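Because the structure is predicted, anything quoted here is derived from the model rather than measured. Note on naming: letters A, B, ... go to the chains in the order of the sequence lines (proteins, then strands), and numbering restarts at 1 for each one. In what follows, every heavy atom counts, from backbone to side chain, and hydrogens, waters and symmetry copies are set aside.
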Amino acid sequence: AQSVTQPDIHITVSEGASLELRCNYSYGATPYLFWYVQSPGQGLQLLLKYFSGDTLVQGIKGFEAEFKRSQSSFNLRKPSVHWSDAAEYFCAVDRLQGGSEKLVFGKGTKLTVNP
Amino acid sequence: NAGVTQTPKFQVLKTGQSMTLQCAQDMNHNSMYWYRQDPGMGLRLIYYSASEGTTDKGEVPNGYNVSRLNKREFSLRLESAAPSQTSVYFCASTSDRGPNYGYTFGSGTRLTVV
C-alpha cells in the first residue's frame, strides 16, 4: 500500500541538541514532499517543501530536510533545538493521481524538549 | 487576510444529531479537501473536490457527505453523528501545480459527539 511512515512516535531531546525526524514514503515516482509542525491545539504550519532540484531544502525556524531518492526518505533536521520546537511534526506526500492532487500524511512524531 | 476559513471552531453534538461544517477559501483555488485528525493517526482525507462541481471520496468517507457549493465553498455534513466522529476537522485548498504550489489549511473545527 502507498504510505508515509514516520517511524518514531515520540522523541525527546535536550535543548541545544541536534534533531533528526525520519520520514519514508512508498510511492514509486518522486512525489512532492512536505513537513508540517503543529503546536498543541493549533493548526498546521508549513516548515518546508521539496518539489525538485537541490535535494537539501531549507525551511523556517532553522529546519532543513534532505530528499534521498535511493532511500525514499525525506528526513527533517535541526542543528540545535529550542524549547519552543516542542510540538508534533508531520511528514506529508502529495501525489497527482487520477488527475487530482492528494496530500497523504504520516502519523506524526511528537517532540519533547528537555531544559 | 487571504486564506481558508472554517466555521464553527468548536461544536458539541449529541449522538444522532446532524451538522454541517463550513469551509471557504478566497485564493481562487481549484482543489479543496476535508481531513480529520485523531491522536496517533495523523490527518486522514475524508473527501476532496478537484474543481467546482466535482467531489470524490478519500480514505475515510463513511458517515460524511460533502458539497462543493461554488469555487470558494466546500462543506462537510454529518447526517447522524456518532461518537467515533469526535475529531478535529481541517479544511484545505490548493492551486494547480506550479512554483508556488502548496496546501493552505484552515484553523480546524474541534467536534465532540457525546
Side-chain angles (χ1 to χ4, degrees), chain A residues 1-11 21-25 29-54 57 59-60 65 87-110, chain B residues 1 3-7 9-10 23 29-61 66 68 74 87-110 112:
Chain A
Q2 298 168 336
S3 67
V4 180
T5 302
Q6 294 181 246
D8 303 303
I9 296 173
H10 191 183
I11 284 182
L21 303 182
R22 295 181 290 163
C23 175
N24 294 92
Y25 62 92
T30 301
Y32 286 16
L33 300 161
F34 301 82
W35 274 100
Y36 291 89
V37 61
Q38 185 181 39
S39 297
Q42 302 298 310
L44 295 164
Q45 182 179 22
L46 178 67
L47 284 174
L48 47 78
K49 59 187 178 183
Y50 173 78
F51 296 167
S52 64
D54 191 346
V57 293
I60 62 171
E88 190 158 22
Y89 293 79
F90 295 96
C91 178
V93 171
D94 177 84
R95 290 212 69 209
L96 184 60
Q97 187 177 28
S100 302
E101 294 89 0
K102 299 184 190 67
L103 193 62
V104 179
F105 286 84
K107 294 185 176 181
T109 298
K110 184 177 181 181
Chain B
N1 291 336
V4 176
T5 303
Q6 289 183 237
T7 56
K9 293 189 182 304
F10 301 94
C23 175
H29 286 170
N30 286 321
S31 300
M32 297 186 73
Y33 307 81
W34 276 105
Y35 288 87
R36 61 177 289 172
Q37 182 180 24
D38 303 291
M41 299 298 292
L43 281 79
R44 293 179 292 171
L45 183 63
I46 305 172
Y47 270 94
Y48 66 97
S49 170
S51 62
E52 184 180 352
T54 69
T55 62
D56 211 340
K57 296 178 180 179
E59 181 185 355
V60 288
V66 289
R68 184 74 181 267
F74 187 39
S87 188
V88 181
Y89 292 85
F90 288 97
C91 178
S93 69
T94 187
S95 59
D96 295 335
R97 284 189 170 186
N100 295 316
Y101 178 71
Y103 287 74
T104 302
F105 284 86
S107 58
T109 296
R110 188 172 296 273
T112 302

Interchain contact, B:L43 with chain A, by part (heavy-atom threshold 4.5 Å): both

Proximity breakdown for B:E59 and chain A, heavy-atom pairs closer than 4.5 Å: neither

Pairs of heavy atoms under 4.5 Å with chain B: top-ranked of A:Q45, A:E88, A:E101, A:Q38: A:E101

Heavy-atom pairs under 4.5 Å with chain B, option from A:I9, A:D94, A:L46 with the top count: A:D94

Chain B contact via A:Q6 - side chain, backbone, both or neither, heavy atoms under 4.5 Å: neither

More than 12 heavy atoms from other groups under 6.0 Å of CZ on B:R110: no

Atom NZ of A:K49 with >12 non-hydrogen neighbours under 6.0 angstrom: yes

Approximate separation, where rounding is to 0.5 Å, of B:Y103 OH and A:L44 CG: 13.0 Å

Spacing of OH belonging to B:Y33 relative to NZ belonging to A:K102, to within rounding of 0.5 Å: 8.0 Å

Atom of A:K107, atom of B:G40 and distance for their closest heavy-atom approach: CD-O, 3.4 Å

A:Y32 and B:Y101 aromatic ring geometry - parallel, tilted or perpendicular at 30°/60° bounds: perpendicular

Heavy-atom check, side chain of A:L103 versus side chain of B:F105, under 4.5 Å: yes

